[in-house]
2 protein chains.
Amino acid sequence: MAAERKGGVTISQVAKEAGVARSSVSRAYTRPDMLSPETVERIKAAAGKLGYVPNHTARALSTGRYGNVALIVPDVANPFFPPMIRAAQVEADRSDFCVFLGNSDEDPEKEDQLLGRFAGQVEGIILASPRLSDERIAAHALLRPLVLINRDVKGIPKVLIDSGTGIAEATQHLADFGHRNIVYVSGPSTSWSNKQRRAAVRHASKKLGLELSFVSASVPSFEAGLQAVDAILAKGATAAIAFDDVTAQGILAGLGERGVSVPGEFSVVGCDDALGPLTVPSLTTVSSRSIEAGKLAVSLLLEVLGSQAVRDASYVLETHLIVRSTTGPAPERGQS
Amino acid sequence: MAAERKGGVTISQVAKEAGVARSSVSRAYTRPDMLSPETVERIKAAAGKLGYVPNHTARALSTGRYGNVALIVPDVANPFFPPMIRAAQVEADRSDFCVFLGNSDEDPEKEDQLLGRFAGQVEGIILASPRLSDERIAAHALLRPLVLINRDVKGIPKVLIDSGTGIAEATQHLADFGHRNIVYVSGPSTSWSNKQRRAAVRHASKKLGLELSFVSASVPSFEAGLQAVDAILAKGATAAIAFDDVTAQGILAGLGERGVSVPGEFSVVGCDDALGPLTVPSLTTVSSRSIEAGKLAVSLLLEVLGSQAVRDASYVLETHLIVRSTTGPAPERGQS
DNA sequence: GGTTGACATGCAACCGGTTGCACAGCATAG
DNA sequence: CTATGCTGTGCAACCGGTTGCATGTCAACC
């Protein structure tokens with residue numbers, strides 16, 4: 001009722017109103033069992049009357065428990081991340097934690113800055129697909145609990161989405177369709193996922209006797225995919241596996257512009273299933289499990305926070321090929 | 001260098017190391033002009049040696065300036081929001097603010113909870129497309145600075161994306177193509193944007209003499225769009241304007257399943273330009289300006305924080321139709 | 001040469017909670 | 001009837017900074 005202007009009703013005001021000591025008010029909230037039921041009642045009544053709400057910040061300062069975690073991603077707007085962010089959010093919520101979100105813009109330095117800015121108001125940090133060096137990551141991990149997503153640094157708990165399995169399936173799928181010459185359109189060089197995917201496609205191609213070339217789209221974006229098309233066609237390939245779905249869509253758009261039909265003349269495979277069946281033609285891609293990764297990362301972090309023990313836990317999530325409509329038989333070879 | 005175990009190098013440790021008082025260390029960071037240059041230098045050196053980082057929380061407690069803002073959205077994974085979130089993030093960063101992200105899952109109650117949880121550790125809150133009642137919003141606004149996006153509550157600063165202009169253009173566009181019977185597929189009933197769009201399409205249809213019906217997709221999602229298709233076709237319409245792009249994509253997919261060609265037999269218009277030209281066929285839609293909205297909302301909030309004055313400011317961003325490939329001439333009318 | 005004022009720094013209170021410890025009151029055991 | 005222990009509450013220190021005020025120093029001024 002009594003909507004005091006701005007700011008704050010404090011513990012002292014409640015204490016005075018209820019005729020008890022400040023410490024009793026505090027305990028009424030944190031350890032009510034220490035007080036007689038009547039006292040608790042009286043305090044709660046006074047608090048209600050004044051509209052008292054415990055101050056999160058003050059509590060954090062004296063207990064060291066902030067009730068916050070931070071999640072840092074390279075690009076919020078990349079459709080791979082929102083579902084993950086959402087899942088992390090939900091999971092944190094279940095334990096009454098708040099989530100700070102950081103966007104590094106694919107920039108390692110920015111990532112470092114954010115890490116610093118968040119420090120001191122979070123209990124732990126989740127770094128998703130970090131672009132930072134192993135050394136810096138290890139340094140930060142020394143200062144506070146850290147969980148990685150899609151990055152493998154020794155001694156730090158992590159959740160890895162193993163796109164290798166899915167990529168291998170994709171390569172096999174293309175080979176089955178008779179493609180002999182394919183391209184892998186790679187993503188950020190500092191991305192663990194990119195390294196993993198690149199290695200997987202190389203390994204599978206070798207095993208299957210496919211000719212493989214690489215084209216680089218340093219940033220995973222629609223535009224980068226679009227711009228990669230000329231280079232891709234120049235390699236004489238009949239199919240491409242892209243670092244991610246967004247890049248793949250760019251490639252599709254570029255092929256369309258050049259009158260190359262998909263999947264008739266050229267096949268495209270994405271990765272991360274970030275767009276779902278939402279596009280037409282729907283994209284053949286590799287499942288990502290980013291939702292599980294987000295959820296898992298938070299619960300892993302909270303677990304680490306609970307038991308000081310810095311468990312060097314790793315969760316690995318396997319992926320699989322999802323065949324939709326952008327892959328088909330290799331075209332008959334007219335000329336070289 | 002000296003990587004002290006966990007937690008924190010404090011101001012006191014730095015003070016001892018540098019041989020000065022705690023207050024001087026504090027001032028070396030907040031008001032260096034009050035100290036002699038040499039002292040500042042000596043303190044910074046000591047701080048560097050110890051690896052001192054000012055504690056955000058402690059500072060917030062004593063100054064009341066938290067350096068945090070919260071952004072609450074109904075669904076992070078809805079592609080309309082990520083670009084907005086990103087823009088808000090970037091803008092906040094420019095002023096050294098951190099961003100809490102909240103996801104309400106389209107649930108008013110959850111929204112209320114989040115508002116409560118964030119209170120006490122943020123200086124201000126941005127509510128994007130809130131599903132909460134006007135009363136609750138006004139109540140929260142009384143307690144702390146609040147900025148709304150796509151919601152119009154009297155006396156509260158806001159950024160509105162006026163999709164009305166774009167929707168009117170879209171209706172005109174369909175009429176020009178000879179469509180006489182159209183459907184508006186509406187979104188969440190508590191959404192201000194939905195009300196606005198609904199009103200705009202109604203108004204424009206009336207003016208142009210079009211027959212208009214409504215189909216409801218209570219939640220804006222691909223599935224909801226998919227499920228709305230039967231109802232849409234039952235209305236005998238030749239074109240649909242959807243509440244947003246995601247719903248529109250669902251409609252497109254549903255039409256595809258039923259063998260209805262777009263734009264040959266049926267035209268579809270989305271709203272928000274959330275997907276860009278990313279899809280094939282690319283979606284005719286209404287621009288959203290969500291990036292500007294996110295940026296503007298943050299700068300407006302920071303401005304309100306700067307000058308206590310609760311400016312009842314409103315920014316209105318006009319929108320326009322973006323014609324792509326999902327609209328075309330109305331089909332010849334074979335039968336009724 | 002004593003006064004004045006600017007400047008640099010230290011002291012101590014404060015922000016709003018939490019928590020170890022002391023203490024009073026009362027019941028039970030010896 | 002005193003020793004013992006438990007329970008409920010208050011006191012005061014502490015978390016890590018910020019900030020108003022007091023103090024000491026030194027140069028400039030009359």
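Naming: A, B, ... by sequence-line order, numbering from 1 per chain.
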K.L.:
What is the distance, rounded to the nearest whole Å, between atom CD of B:E41 and atom C1' of C:dT9?
P.N.:
18 Å
K.L.:
Using atom CG of B:L61 as one end and atom C1' of C:dG17 as the other, report the distance to the nearest whole Å.
P.N.:
8 Å
K.L.:
Between the base of D:dG8 and the side chain of A:R27, is one N or O donor paired with an acceptor at under 3.5 angstrom?
P.N.:
no
K.L.:
Please state how far atom CD in A:Q13 lies from atom C1' in C:dG17, giving the value in whole angstrom units.
P.N.:
13 Å
K.L.:
Measure from the side-chain heavy atoms of B:S24 and tell me the nearest of C:dG17, C:dG10, D:dG17.
P.N.:
C:dG10
K.L.:
Just the rounded figure in Å: distance from C1' of D:dG16 to OH of B:Y29.
P.N.:
14 Å
K.L.:
Quickly work out the B:K16 NZ to C:dT9 P distance and round it to whole Å.
P.N.:
21 Å
K.L.:
Let me spell it out: for each of B:T57 and B:R31, pick the nucleotide of DNA chain D with the closest heavy atom. Which residue's pick is nearer the 5' end?
P.N.:
B:T57
K.L.:
Does A:I11 or A:M34 map to a spot on DNA chain C nearer the 5' end, using the closest nucleotide for each?
P.N.:
A:I11
K.L.:
Using whole Å, what does the distance between atom C1' of nucleotide D:dC15 and atom NE2 of A:H56 come to?
P.N.:
15 Å
K.L.:
With a 4.0 Å cut-off on N to O distance, would you call A:E41 and A:K44 a salt bridge?
P.N.:
no
K.L.:
Using ring centroids (six-membered ring only for Trp), state whether B:Y52 and B:Y29 fall under 6.0 Å.
P.N.:
yes
K.L.:
Tell me what A:T30 touches on the nucleic acid: a base, only sugar-phosphate, or nothing, going by heavy atoms under 4.0 Å.
P.N.:
sugar-phosphate
K.L.:
Over how many whole Å does the gap from B:R59 atom CZ to C:dG16 atom P extend?
P.N.:
18 Å
K.L.:
What are the two closest non-hydrogen atoms of A:P188 and A:P220, and how far apart are they?
P.N.:
CG-CD, 3.6 Å
K.L.:
Base, sugar-phosphate alone, or nothing: which one does A:V20 contact when heavy atoms must sit under 4.0 Å apart?
P.N.:
sugar-phosphate
K.L.:
Please classify the nucleic acid contact of B:T39 as base, sugar-phosphate, or nothing, using heavy-atom distances under 4.0 Å.
P.N.:
sugar-phosphate
K.L.:
Does B:E292 pair with B:K295 as a salt bridge, N-O distance under 4.0 Å?
P.N.:
no
K.L.:
Answer yes or no: side-chain N or O of A:S23 and base N or O of D:dC11 forming a donor-acceptor pair under 3.5 Å.
P.N.:
yes
K.L.:
By the 4.0 Å heavy-atom rule, please label A:Y52 as base, sugar-phosphate, or nothing.
P.N.:
sugar-phosphate
K.L.:
For D:dG17, does the base pair up with any side-chain atom of B:R22 as donor and acceptor (N or O, under 3.5 Å, distance only)?
P.N.:
yes
K.L.:
Kindly compute the distance separating CG (B:D152) from CH2 (B:W192), expressed to the nearest 0.5 Å.
P.N.:
6.5 Å
K.L.:
Please state whether the phosphate of D:dC15, meaning OP1 or OP2, lies under 4.0 angstrom from any side-chain nitrogen or oxygen of B:T10.
P.N.:
no
K.L.:
Please report the interatomic distance CZ(A:R117) to NE2(B:H56), rounded to the nearest 0.5 Å.
P.N.:
8.5 Å
K.L.:
Look at all strands and tell whether B:S26 reaches a base, only sugar-phosphate, or nothing, counting heavy atoms closer than 4.0 Å.
P.N.:
base
K.L.:
So if I take every side-chain heavy atom of B:R65 and compare against C:dA8, D:dG8, D:dT19, which nucleotide ends up nearest?
P.N.:
D:dT19
K.L.:
Assign each of B:E38 and A:S62 to its nearest nucleotide of DNA chain C by heavy atoms, then name whichever residue's nucleotide is nearer the 5' end.
P.N.:
B:E38
K.L.:
To the nearest angstrom, how far is A:Q121 atom CD from D:dC15 atom P?
P.N.:
20 Å
